[in-house]
Amino acid sequence: MAPCDPAKRALDLVGASVGLLVTAPVMAGAALAIRATMGPPVLFAQPRPGLGGRTFTMYKFRTMREASDEAGRPLPDEARLTRLGRVLRAASIDELPALLNVLRGDMSLVGPRPLLVRYLERYTPEQSRRHTVKPGITGWAQINGRNALTWEAKFEHDVWYVDHRSIWLDLRILARTVIAVLRRDGIAHEGAATMPEFMGTSSRA
């Protein structure tokens with residue numbers, strides 16, 4: 001497991017604090033819009049695996065409505081994602097509440113994205129190495145294709161980051177993230193509104 005890096009933690013604290021201050025008007029507007037169009041709650045809270053696979057509660061702005069079929073099963077993401085939700089995702093505004101997770105120490109500004117808890121048992125040993133560092137709001141995979149990548153390619157990028165991480169790489173990723181957000185690169189997976197569920201790699205190591 002990665003040792004505590006004081007420089008990285010300092011970057012997280014400063015970056016998250018400044019980020020919350022600068023984006024406060026945007027977050028307030030998003031919260032009001034969500035409340036008016038979807039009702040409460042404004043935030044989406046879900047357990048996610050963090051450092052060492054330990055779970056924490058991650059916060060995002062809601063982008064989907066509650067909707068189920070006749071059997072009570074949630075409708076596909078494409079059917080539940082609202083028009084406002086698409087706008088929030090396209091501009092990455094839905095991710096802003098995760099800055100609170102960074103301040104709390106659950107996440108870092110840069111690291112592998114925190115995915116679903118049920119994916120933990122589906123990773124290969126190599127893919128599981130993504131949990132040897134804190135998860136991040138953005139990461140190497142996010143600036144190299146984001147949701148346009150396959151799951152396997154995402155995890156290869158995550159492990160590459162684990163092996164090459166440094167404060168300078170984090171600064172480079174943050175700078176390139178701004179460009180990717182402005183360009184709206186890789187928002188959705190081909191043929192889907194969101195990334196399809198990861199069911200495991202066929203040839204497990």
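Closest non-hydrogen pair, Gly136 versus Pro114, comes out as O-CD, 3.5 Å. Closest heavy-atom contact between Phe61 and Met27: CZ-O, 3.5 Å. Taking all atoms of both residues into account, the shortest heavy-atom contact from Glu152 to Gly200 is OE2-O, 4.2 Å. Closest approach of Val102 and Ala16 over heavy atoms only: CG1-CB, 3.8 Å. The nearest pair of heavy atoms linking Gly50 to His131 is O-ND1, 3.3 Å. Between Leu88 and Arg62 the shortest heavy-atom distance is CD1-O, 3.9 Å.
Atoms CG and CG, on Leu96 and Leu20 in that order, are 8.0 Å from each other to the nearest 0.5 Å. Residue Ile93 holds its CD1 atom at 9.5 Å from CD1 of Ile34, rounded to the nearest 0.5 Å. The CZ atom of Phe56 sits 5.5 Å away from atom CG of Asp106, with the distance rounded to the nearest 0.5 Å. Within the model, atoms CG of Leu100 and CG of Leu43 stand 8.0 Å from one another, a figure rounded to the nearest 0.5 Å. Ile173 CD1 to Ile143 CD1: the interatomic distance, rounded to the nearest 0.5 Å, is 5.0 Å.
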Requested in this report: Determine, stepwise, if the pair Arg122 / Thr201 fulfils side chain to side chain contact (heavy atoms under 4.5 Å, CB included).
Outcome: CA-CA 7 Å; Arg122 303 175 187 176; Thr201 300; over 6 Å; no
Query - Criterion side chain to side chain contact (heavy atoms under 4.5 Å, CB included) on Leu103 and Ser17, from CA distance to verdict - result: CA-CA 7 Å; Leu103 286 181; Ser17 299; 3.6 Å; yes
**Report entry** Full working for side chain to side chain contact (heavy atoms under 4.5 Å, CB included) between Gln127 and Lys154
**Finding:** CA-CA 10 Å; Gln127 291 167 350; Lys154 277 176 176 277; over 6 Å; no
**Report entry** Worked check of side chain to side chain contact (heavy atoms under 4.5 Å, CB included) between Phe44 and Met58
**Finding:** CA-CA 8 Å; Phe44 171 75; Met58 188 184 77; 5.8 Å; no
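Taking a cutoff of 4.0 Å between a charged side-chain nitrogen and a carboxylate oxygen, Asp170 and Lys8 qualify as a salt bridge.
Of the residues listed (Asp158, Asp163, Thr124), the one engaging Arg129 in a side chain to side chain contact (heavy atoms under 4.5 Å, CB included) is Asp163, and it is the only one.
Applying the side chain to side chain contact (heavy atoms under 4.5 Å, CB included) criterion to Arg35, with sequence neighbours excluded, gives Pro40, Val42. Shown here are the salt bridge (charged side-chain N to carboxylate O under 4.0 Å, His left out) partners of Glu156, two or more places apart in sequence or in another chain: there are none. Under the side chain to side chain contact (heavy atoms under 4.5 Å, CB included) criterion, Leu116 pairs with Gln46, Arg48, Arg118, Tyr119, not counting sequence neighbours.
A donor and an acceptor atom, one from each side chain of Asp94 and Thr63, are nowhere located under 3.5 Å apart. No side-chain donor from either of Arg65 and Thr82 sits under 3.5 Å from a side-chain acceptor of the other.
Without hydrogens or angle criteria, Asp12 side chain to Gly105 main chain gives no donor-acceptor distance under 3.5 Å. Proximity of a side-chain donor or acceptor of Glu95 to a complementary backbone N or O of Ser92 within less than 3.5 Å is not detected. The backbone N or O of Ala141 sits nowhere less than 3.5 Å from a side-chain atom of Arg113 that would complete a donor-acceptor pair. Between the side chain of Ser108 and the backbone N or O of Gly111 there is no donor-acceptor pair closer than 3.5 Å.
Following chains of ILVMFWY side-chain contacts shorter than 4.5 Å, one can reach Leu174 starting from Trp168, so the two form part of one hydrophobic cluster.
In this structure, the side chains of Phe155 and Leu115 come closer than 4.5 Å at one or more pairs of heavy atoms. Residues Leu171 and Leu11 meet the side-chain proximity criterion, which asks for heavy atoms closer than 4.5 Å.
Arg176 forms a cation-pi arrangement with Trp140, by the criterion of a distance under 6.0 Å to the ring centre and an angle within 45° of the ring axis.
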